[in-house]
Amino acid sequence: MANRFLVTAALPYSNGRLHVGHMAGAYIPADIYVRYLRAAGRDVKFICGSDDNGGAIEISAFKEGVTPAEIVSKYHTSQEASFRGLGISFDVYGGTHTLGYTTRHNQISQDFFKTIHDKGYFSKRTDKQLYDPEAKRFLADRYVTGKCHYPDCGYEKAYGDQCENCGRTIDPLLLGNPRSVLTGASVEVRETTHWYLKLAQFQEPLKEWLSKKTNWRPSVVNFSLGQIKEGLPERSMTRDLSWGIPVPLDDPDAAGKVLYVWFDAPIGYVSFTSTLLERSGGSPNDYERYWKDSDSKIVHFIGEDNIVFHALIWPAMLMAEGTFQLPDQVVANSFLNIKFPGAEEEKISKSRGTAIWIEDFLNEYDPDPLRYYLTAIAPETARTAYSPEDFLERNDSELVAALGNFVNRNISFTHKYFEGKVPAVGERDDVDRAMLAECQTQADKVAEEIEGYHFKNALGEMMKLARAGNLYLDQKKPWSQRKESMEACGTTINVCLQVIRTLAVIMEPFLPFAADKVATMLKLEPAARGWSNAAQELPAGLELAPAEMLFKKLREETAKK
RNA sequence: CCCGGCGUGGAGCAGAGGUUAGCUCGCCAGGCUCAUAACCUGGAGGUCGUAGGUUCGAAUCCUACCGCCGGAACCA
């Protein structure tokens, strides 16, 4: 395993709040991975920030009658608060148009663009596009509506990218009576010049690179190779917008144009790394240790909608630029659907009000149960559904009953019968030794699953140890042993406390808040929480802090019983 | 139409050629009392979408079909 890691989580677009789907897709798995790497003693930087440029923000601002900067600032703050509330442990949370980050970001993005330009990987072309004379701007296909141009459909409210009635792809220039979604004005056809990345030139290198990625999720590799097979079209890397990074070319045709938001967004990973390292006392170029040194591994966590950008376009950009290394891994989760009681499973939709917002969630619940649930149902290979009922159910029957209770019953027992001190080890039998051996085994399995990006399995292995602990306890019955031999009873409790000590380490990537509570009860120093110390034994005689509940019951009917 | 994914006990998922198909939850019965009515044991429940085929042997490979969900690259 490499020693240096640069881990990124997709930059959220700063024109909306974050919901459970965002978290399940990229941020929670990324955070688990990073927390594990830190505990394993690796040099890791966890990079994220808001994606602040682009047409959608300009349009949100236009609609709300505020400036793009106001939209960005509002949602950047909201999103960052959601991440903090859930314990997502970024080393830096920047923003492509956020104070303290913009200057560096714009400079690196423009350098990047110029390098690719000078190397001849862009083709400059003039094409026809639809223009809204009232808003005085070119319109993305999505913002044009008119009559579907398929004769057998003719739906009047088709959009410029797709007809909602017949489902087919629309050529916006063929729409009947095209109007602007923004202003309702009839749109004009105007010519405009843009710079297109010659993706076709990277098809072979991309194919070769992707073919070697045997440890990637099949969905990512298959989808990407499929796209290559169909041929990668040239793709415009500039836009007619005002909200973005100016195209850095000394060319009259470039005047008033900005970089395509998907060109500069992934560069945000680089520019935020640079800012982070400079702030921690280094030079702005220190980012190269993570981005250009082959001793470092780059791992991107994204949602399924980002695959095309992270597995094809971004690597092509990196190849074109020439001095960066390519991502070692792109981890993509599918989308999370939602299943409300009595309703069909459906997509998370802002407009239909089916999103569960993180800010709202955190007003009602603790973060760990959501981290647990979203990992347990993680859409790693297929779409899965968030169900509010299932969330409560799993919290009560798994987190509380299996894990929380195991910790609580042992700590309580220790306080009740051993004055709160770790009992002395008497004679250990095979069952005791097997239980202790399992601590190391499970720590290893969790590590292996996390390193393989199987977070759902990793969580399962962690829970297995808690379940094994409960089983062991019931076999030993210290509450009976106590009446025969305090030494035997103490030996049992000692073993259980060792299990809890291991749990404190291996639950941390998933349940950092609860792990802190356990560490406090066991008086574990930060150094003792490293992965390599996971199965190191607590000394007999150590005085524990008072027992504290790790998780609360959430269903009223179970809580009351 | 084409391309991709999926279809495994009541629910949610594992398993991708080889012992009696696993796991979590739920359900039923029993045990225990340290513990947040938590924990432990046992049980019921599956012809692994359908039909063919390959193989000594198939949820697992191949073909066809049916059903569901996506097609994403000016929605970031």
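Order of the sequence lines sets the chain letters (A, B, ...), proteins ahead of strands, with each chain counted from 1.
Atom C1' of nucleotide B:C2 and atom CD of A:Q227 are separated by 14 Å, given to the nearest angstrom. Nucleotide B:C25 holds its P atom 12 Å from the CZ atom of A:R555, rounded to whole Å. A:L471 has its CG atom 11 Å from the P atom of B:U24, to the nearest Å. In this structure, CZ of A:F418 is placed 13 Å from P of B:C34, rounded to the nearest angstrom. Distance CD (A:E393) to P (B:C13): 15 Å, rounded to an integer number of Å. At whole-Å resolution of the value, CD1 in A:I307 and C1' in B:G5 are 11 Å apart. Taking atom OH of A:Y143 as the reference point, atom C1' of B:C75 lies 7 Å away to the nearest angstrom. Whole-Å rounding puts the A:E449 CD to B:G15 P distance at 10 Å.
By the 5.5 Å and 30° criteria, A:F413 is not stacked with the base of B:C34.
Partner of A:L511 under the side chain to side chain contact (heavy atoms under 4.5 Å, CB included) criterion, out of A:T375, A:L403, A:I506, A:D366: A:L403 alone.
Annotation: B:C48 and B:G4 have their C1' atoms spaced 23 Å apart (nearest Å). As rounded to the nearest Å, B:C3 and B:C62 have P atoms that lie 16 Å from one another. Taking atom P on both B:C2 and B:C61, the two are 23 Å apart, rounded to the nearest angstrom.
Nearest to the side-chain atoms of A:R235 among the listed nucleotides B:C39, B:C74, B:C25 stands B:C74. Closest to the side chain of A:K553, from the set B:U24, B:A73, B:U36, is B:U36. You'll find that the side chain of A:N405 is closest to B:A35, out of B:A35, B:C34, B:C13.
A:Y13 places a side-chain heavy atom less than 4.5 Å from the side chain of A:V261. Within the 4.5 Å cutoff, the side chain of A:F122 has heavy atoms near those of the A:L197 side chain.
Between the base of B:C40 and the side chain of A:Q475 there is no donor-acceptor pair shorter than 3.5 Å. For B:C74, its base sits under 3.5 Å from the side chain of A:R239 at one donor and acceptor pair at least.
Stem analysis of RNA chain B (at least three stacked-register Watson-Crick or G-U pairs, each with both distances under 3.5 Å) gives B:2-7 with B:66-71, B:10-13 with B:22-25, B:27-31 with B:39-43, B:49-53 with B:61-65.
Ring-plane geometry between A:F301 and A:F455 is classed as tilted, the angle between the planes lying from 30 to 60 degrees on a 0 to 90 degree scale.
Within 4.0 Å of A:K347, counting heavy atoms only, lie sugar-phosphate atoms of the nucleic acid but no base atom.
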